[in-house]
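By convention in this document, chain letters (A, B, ...) are assigned in the order of the sequence lines, proteins followed by strands, and residues within each chain are numbered from 1.
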Protein chains: 6
Amino acid sequence: MRPSQRRPDQLRAVMITRNFTCHAEGSVLVEFGATRVLCTASVEDTVPPFLRGRGQGWLTAEYGMLPRATHTRSAREAAKGKQSGRTQEIQRLIGRSLRAVVDLSALGERQIVIDCDVLQADGGTRTAAITGACVAVHDAFRKLVTEGKLPYSPLREFVAAVSVGMFQGVPVLDLDYAEDSGCDTDMNVVMTGAGGFVEVQGTAEGATFSRAELNALLELAESGIRRLVEAQKAAIDRN
Amino acid sequence: MRPSQRRPDQLRAVMITRNFTCHAEGSVLVEFGATRVLCTASVEDTVPPFLRGRGQGWLTAEYGMLPRATHTRSAREAAKGKQSGRTQEIQRLIGRSLRAVVDLSALGERQIVIDCDVLQADGGTRTAAITGACVAVHDAFRKLVTEGKLPYSPLREFVAAVSVGMFQGVPVLDLDYAEDSGCDTDMNVVMTGAGGFVEVQGTAEGATFSRAELNALLELAESGIRRLVEAQKAAIDRN
Amino acid sequence: MRPSQRRPDQLRAVMITRNFTCHAEGSVLVEFGATRVLCTASVEDTVPPFLRGRGQGWLTAEYGMLPRATHTRSAREAAKGKQSGRTQEIQRLIGRSLRAVVDLSALGERQIVIDCDVLQADGGTRTAAITGACVAVHDAFRKLVTEGKLPYSPLREFVAAVSVGMFQGVPVLDLDYAEDSGCDTDMNVVMTGAGGFVEVQGTAEGATFSRAELNALLELAESGIRRLVEAQKAAIDRN
Amino acid sequence: MRPSQRRPDQLRAVMITRNFTCHAEGSVLVEFGATRVLCTASVEDTVPPFLRGRGQGWLTAEYGMLPRATHTRSAREAAKGKQSGRTQEIQRLIGRSLRAVVDLSALGERQIVIDCDVLQADGGTRTAAITGACVAVHDAFRKLVTEGKLPYSPLREFVAAVSVGMFQGVPVLDLDYAEDSGCDTDMNVVMTGAGGFVEVQGTAEGATFSRAELNALLELAESGIRRLVEAQKAAIDRN
Amino acid sequence: MRPSQRRPDQLRAVMITRNFTCHAEGSVLVEFGATRVLCTASVEDTVPPFLRGRGQGWLTAEYGMLPRATHTRSAREAAKGKQSGRTQEIQRLIGRSLRAVVDLSALGERQIVIDCDVLQADGGTRTAAITGACVAVHDAFRKLVTEGKLPYSPLREFVAAVSVGMFQGVPVLDLDYAEDSGCDTDMNVVMTGAGGFVEVQGTAEGATFSRAELNALLELAESGIRRLVEAQKAAIDRN
Amino acid sequence: MRPSQRRPDQLRAVMITRNFTCHAEGSVLVEFGATRVLCTASVEDTVPPFLRGRGQGWLTAEYGMLPRATHTRSAREAAKGKQSGRTQEIQRLIGRSLRAVVDLSALGERQIVIDCDVLQADGGTRTAAITGACVAVHDAFRKLVTEGKLPYSPLREFVAAVSVGMFQGVPVLDLDYAEDSGCDTDMNVVMTGAGGFVEVQGTAEGATFSRAELNALLELAESGIRRLVEAQKAAIDRN
């Protein structure tokens with residue numbers, strides 16, 4: 001049915017590799033099937049001007065795609081001299097999603113900068129990025145606690161994300177590139193480990209969607225995110 | 001209860017003034033209370049390179065805010081030399097929303113460029129912009145039909161948008177600036193006149209939201225959009 | 001004679017609407033016939049770096065044109081990433097013209113930022129902008145006085161502007177777009193209410209102009225500006 | 001009286017050195033006292049898109065200032081990534097001034113690009129630039145005629161420019177930097193060899209100016225430009 | 001002696017992993033110790049304008065560093081809106097080095113775009129990039145040959161690069177970050193498999209260097225590059 | 001043999017004109033045959049942020065080419081909005097070369113900004129720029145000493161640069177444009193007056209080069225630079 005041969009409610013193989021690179025306080029390679037995103041969390045000892053002297057921290061995110069992460073090469077944004085609207089939309093979404101689960105007051109006057117760079121793209125790069133970034137932020141906070149800079153981790157809950165869509169009339173989970181191109185409705189859902197919604201972004205492609213379809217998609221997303229949070233926890237428990 | 005004294009399910013006064021400026025093929029001033037957006041639709045006889053020679057049209061949108069549309073002056077994007085991430089996010093949303101109700105094949109090799117410029121901002125500028133742009137596009141198409149350039153209008157349905165949010169635990173409709181700042185959840189919903197969803201974008205601010213809250217917000221939005229489509233039709237019937 | 005059927009020394013209908021938008025300290029819609037410019041004056045409590053600590057104020061201006069203010073759509077400067085040479089020339093002119101009538105020492109360490117945005121263009125946008133901006137600045141100063149922040153208004157005189165040109169050998173006043181395109185000489189004149197020249201910018205288009213022609217044009221401009229200053233005063237007297 | 005000890009109607013020493021550099025079709029170093037501008041005219045065999053296939057030519061100009069042409073170093077525009085408003089205003093003026101004396105139809109589908117680069121600045125760089133550029137254009141046209149590419153030179157007349165100003169109540173000619181800083185009114189005048197005005201740009205600095213002052217300044221400018229045109233002709237006659 | 005405990009003439013462990021990502025025609029992860037660079041070679045069916053219709057190909061390179069490839073986070077070039085001088089210098093070097101060993105005529109009207117993106121930096125990123133890019137280009141050409149698009153590979157020779165430097169008076173090979181910071185002279189050498197020099201770039205840091213030192217450094221570089229070319233060949237022979 | 005008719009080891013005529021412009025602390029026009037570069041050294045009383053409060057100075061360089069310094073006009077970098085990779089590479093080289101001979105501690109918290117602007121190009125602009133800049137820096141330092149701001153000049157040695165190349169199998173010195181285009185190997189060498197190497201940058205064009213060729217080129221460069229340093233000294237001794 002699905003180009004990927006998966007069942008409608010089946011995630012792709014999820015791999016979360018911690019400490020993928022050595023310099024960042026948190027560094028995670030997250031894989032949703034063939035989609036691979038390197039997520040790093042960097043701790044900086046200053047906050048943006050609008051927060052200075054207010055005793056609280058900040059978290060922001062940037063997103064990029066290597067030029068040949070895609071089927072055909074896309075122009076390098078650094079060479080073009082600007083980030084596309086799509087890039088900005090995604091990095092704003094990643095930042096909001098992580099801020100929703102971080103206690104910024106407990107962080108003190110520090111900034112966490114998340115960088116999500118897509119090494120290989122096959123659909124779902126933004127949902128993989130949020131899922132991986134959460135683990136990178138967890139690791140960066142653990143390091144601050146270990147070094148005695150924070151009494152406890154400001155990460156209140158896990159957060160993860162997945163895409164869902166209507167493919168030939170059937171709600172399907174975790175779309176790869178081929179499925180995404182053939183979908184009528186495409187939705188990205190971000191939820192916490194406790195089951196609260198952080199973001200719901202549904203877009204009609206071609207046909208509009210009904211309340212019933214929306215409900216079916218949200219249910220599918222909830223079940224997928226539960227499994228992604230388990231994968232996050234398993235990765236963290238591994239050492 | 002609400003800072004605006006409105007009932008939870010009450011829209012602000014909606015005004016749709018057609019032919020607000022004289023050069024554009026469609027030109028509409030839309031007002032949602034104190035929010036005022038000038039929406040123009042321009043017809044161009046060329047399409048972007050990726051569509052040339054394929055016999056179909058395109059529709060794209062740009063969004064801007066006059067520097068002093070807001071409480072304190074914001075820097076002019078033309079002077080800063082780039083559009084913010086927020087601006088790009090909004091103009092991409094407007095474009096997708098309108099393309100969802102336009103038959104691009106019936107348009108021929110033409111491009112519709114929508115410009116939504118906020119003259120005065122009091123919350124909900126993007127939903128007002130979508131609602132006004134639909135009427136501007138309608139008028140531009142009517143002009144093409146009147147001039148004999150198209151046999152019928154490629155506008156398949158009306159489309160309108162409204163914001164909803166959880167304000168102190170109560171779902172409320174059509175947030176103004178003061179309410180938006182005090183909301184826990186903020187959602188923008190775009191629907192067609194026939195009741196199909198085009199876009200659903202919900203964001204947790206502070207606390208996450210539950211399925212029950214989401215459902216309540218969607219119901220409120222549906223009822224609001226039905227009334228906005230009536231306002232669009234009334235404006236069009238006026239001449 | 002004139003495409004507009006006006007007498008050579010006849011201004012277009014001038015309309016000055018104060019408080020056109022609600023947030024700015026001064027907000028004026030000025031209309032010279034079909035040319036409509038929204039002029040706002042914003043009061044900021046800081047001055048540019050080169051003036052800090054010197055106890056005096058500053059006034060600067062920015063100018064923009066909505067993409068479809070013109071017959072055919074012009075590209076949005078914010079999207080192109082830079083302001084054109086024409087835009088910069090005009091905003092520098094507006095700033096100089098207003099600074100000529102403002103007592104910057106009496107203003108204290110504050111900056112007035114004028115924004116002139118053309119909603120609809122039919123020739124003479126820069127002269128309308130100067131004429132409207134003067135009223136907006138007046139209103140912003142009155143507000144500072146009313147709030148007790150200034151003992152008296154730093155506006156020393158009114159300032160207004162008009163275009164004149166040689167049309168088929170005849171000096172004509174206040175050119176609209178059609179007349180401007182057909183003119184041999186095009187001149188913009190800025191004067192104070194007391195009759196002093198602030199700016200005189202004459203440009204030969206096609207043929208050069210003589211001293212006699214220059215004199216005739218200046219006389220026409222003087223008479224036009226006298227009437228514009230009356231219109232400014234009448235607008236202010238209206239409430 | 002004048003900081004420069006010159007009589008009110010005295011020009012600075014004017015030097016026009018042709019063939020100052022070897023590659024350009026016209027290359028002139030023009031000196032007005034300590035102000036030194038290198039003006040080159042380049043012939044290109046294409047015209048801008050808006051003129052293609054119309055059988056006529058175009059002329060455009062660019063202006064720049066070496067970073068240390070001035071008393072204190074100014075930032076390099078190429079490093080800042082944009083040209084200032086002042087630069088754009090000046091290069092637009094140079095282009096208009098030269099186009100006023102060139103028969104663009106007689107030029108054929110060619111473009112003349114004028115580059116005026118200030119090696120040393122002491123006031124009046126734009127007027128020196130126009131005066132020097134005219135000779136560079138003359139030389140480029142002579143080359144086209146000599147090579148048999150044009151039957152006659154499309155330069156219809158000479159054009160030159162000078163600044164005038166009110167210095168302590170006295171109209172003075174050809175302001176250097178010290179005088180310019182101390183002037184109440186500053187005017188740049190561009191005229192043809194035949195005595196027609198091409199541009200008149202007068203600006204009040206501090207006090208406004210009267211018709212009588214304007215007249216006195218224009219007379220002074222006319223006499224100065226007559227002498228500058230003589231200097232242009234003498235330079236051309238030298239070989 | 002060396003911070004890395006290596007002998008003066010010892011390379012770091014070199015790893016060359018082919019097919020690291022799946023979309024590019026050639027995709028190689030190259031590791032020089034802790035330095036890791038992803039090098040992809042993309043085949044495009046067009047050439048830059050200056051080569052169109054001349055029946056030959058082109059090869060160009062771009063270089064980037066992920067923001068947290070380094071000890072402390074560096075700003076993302078795409079977000080800053082421009083590539084640094086260092087980035088441009090490196091990507092120009094990579095392009096020249098590879099063009100030196102590619103028969104551009106044999107390539108036909110195609111362009112090879114090399115992207116070298118540093119995932120983790122510990123000194124020598126540009127030399128690792130050249131060494132890895134050569135294998136990526138080899139693989140892309142093999143693919144063109146396998147698909148019957150080219151009769152033989154246009155890669156004439158291997159090319160590899162290494163850094164050498166004077167560390168506390170001793171010439172050392174393949175500097176890591178700590179050694180690079182402590183070096184008096186830093187030299188990057190690019191050579192072909194046949195032993196010809198492609199680039200020699202030596203820079204004095206602190207003290208200048210003598211001919212004798214230069215000679216010692218070049219000898220060291222030659223022996224290192226011989227071993228790197230062996231590593232390239234071994235990687236290619238592995239499948 | 002050589003297009004220029006020079007012997008293989010013959011420099012072009014070298015001219016060093018001091019005080020070429022009047023505002024800069026050091027201002028030198030350097031000519032290598034038809035190549036003419038204006039080099040100014042400006043003294044600024046601040047240092048870049050990364051050096052503040054550390055009691056030492058800095059030196060940086062910028063490079064530019066007038067649009068018509070070349071055979072055909074090149075686009076103005078200020079108008080294009082960015083400096084090319086080539087420009088950045090050259091200005092970084094000039095800065096490094098001069099910093100190698102300046103005692104930055106002895107300079108105090110001051111910055112020297114070197115501007116090298118090419119008025120006319122005929123090959124070797126970067127080597128001429130370094131050679132001229134050294135004299136400009138010398139003059140700026142002499143001025144600081146004369147004014148009592150420094151006890152002695154922080155210029156420790158002279159530095160000069162020359163290009164060498166393999167032209168039809170023969171090593172030749174100081175390439176002009178025609179020779180540069182026909183060279184197989186092109187090398188730029190920067191040396192101090194005491195004979196130490198500062199930079200060696202050799203690039204294969206077409207064929208690679210051998211150790212023997214490299215040695216011959218370096219010898220030629222050494223002899224050329226000795227003569228350039230003599231020319232620098234002679235220029236300084238002239239007054």
Side-chain angles (χ1 to χ4, degrees), chain A residues 19-29 31 33-46 60-84 87-88 91 111-122 133 136 140 177, chain E residues 19-29 31 33-46 60-84 87-88 91 111-122 133 136 140 177:
Chain A
N19 303 313
F20 187 73
T21 56
C22 66
H23 298 306
E25 285 70 31
S27 173
V28 166
L29 181 76
E31 300 173 71
T35 288
R36 286 196 246 162
V37 186
L38 173 51
C39 308
T40 59
S42 298
V43 179
E44 295 183 349
D45 284 333
T46 51
T60 188
E62 290 187 0
Y63 170 93
M65 185 116 83
L66 295 197
R68 198 53 199 281
T70 42
H71 283 83
T72 56
R73 187 177 184 273
S74 3
R76 185 176 291 267
E77 290 188 331
K80 282 197 301 183
K82 65 178 194 170
Q83 295 179 294
S84 71
T87 290
Q88 293 193 58
Q91 65 193 11
Q111 177 168 241
I112 304 299
V113 183
I114 295 171
D115 287 288
C116 297
D117 285 276
V118 180
L119 304 187
Q120 191 170 282
D122 186 32
Y177 180 79
Chain E
N19 303 313
F20 187 73
T21 56
C22 66
H23 298 307
E25 284 72 30
S27 172
V28 166
L29 180 77
E31 299 173 71
T35 288
R36 286 198 247 162
V37 186
L38 174 51
C39 308
T40 58
S42 298
V43 180
E44 296 182 349
D45 284 334
T46 51
T60 188
E62 291 187 359
Y63 170 94
M65 186 115 83
L66 295 197
R68 197 54 198 281
T70 44
H71 283 82
T72 56
R73 186 175 185 274
S74 2
R76 186 178 289 268
E77 291 188 331
K80 284 196 301 181
K82 65 177 192 170
Q83 296 180 293
S84 71
T87 291
Q88 293 193 57
Q91 65 193 13
Q111 178 168 241
I112 304 299
V113 182
I114 295 171
D115 287 287
C116 296
D117 285 275
V118 180
L119 304 188
Q120 190 171 281
D122 186 32
Y177 180 79

Problem - Interchain contact, E:A121 with chain A, by part (heavy-atom threshold 4.5 Å) - result: backbone
Practice task
Below 4.5 Å from any heavy atom of chain E, which atoms of A:A34 appear? Answer side chain, backbone, both or neither.
Solution key: neither
Practice task
Please flag which part of E:Q91 lies under 4.5 Å from any non-hydrogen atom of chain A: side chain, backbone, both or neither.
Solution key: neither
Exercise for the section: Could you tell me whether E:F20 atom CZ has more than 12 heavy atoms of other residues or ligands within 6.0 Å of it? Expected result: yes
Handout entry: CG on A:L119 to CG on E:L119, rounded to 0.5 Å
Key = 6.0 Å
Problem - Proximal component of E:D115, with respect to chain A [non-hydrogen, under 4.5 Å] - result: both
Exercise for the section: Using a 4.5 Å cut-off on heavy atoms from C-beta on, say whether the side chain of A:R73 contacts that of E:H23. Expected result: no
Problem - Top contributor to chain E interface from A:H71, A:K80, A:R36, A:K82 [non-hydrogen pairs under 4.5 Å] - result: A:H71
Problem - Proximal component of E:L38, with respect to chain A [non-hydrogen, under 4.5 Å] - result: side chain
Exercise for the section: Specify the closest pair of heavy atoms between A:R76 and E:C116, including all atoms of both residues, with the distance to one decimal. Expected result: NH2-N, 4.3 Å
Handout entry: Option among E:L66, E:T40, E:T21 that satisfies the side chain to side chain contact (heavy atoms under 4.5 Å, CB included) test with A:L66
Key = E:L66
Fill in the blank from the handout: All heavy atoms of E:A78 vs all of A:E77, minimum pair found to be CB-CB, 3.7 Å
Handout entry: Contacting moiety of E:Q120, where chain A heavy atoms sit under 4.5 Å
Key = side chain
Practice task
For residues E:S42 and A:R68, report the shortest heavy-atom separation together with the two atoms involved.
Solution key: OG-NH1, 2.9 Å
Exercise for the section: Examine whether an atom of E:T70 lies under 4.5 Å from a heavy atom of chain A, and if so say whether it belongs to the side chain, the backbone or both; otherwise answer neither. Expected result: backbone
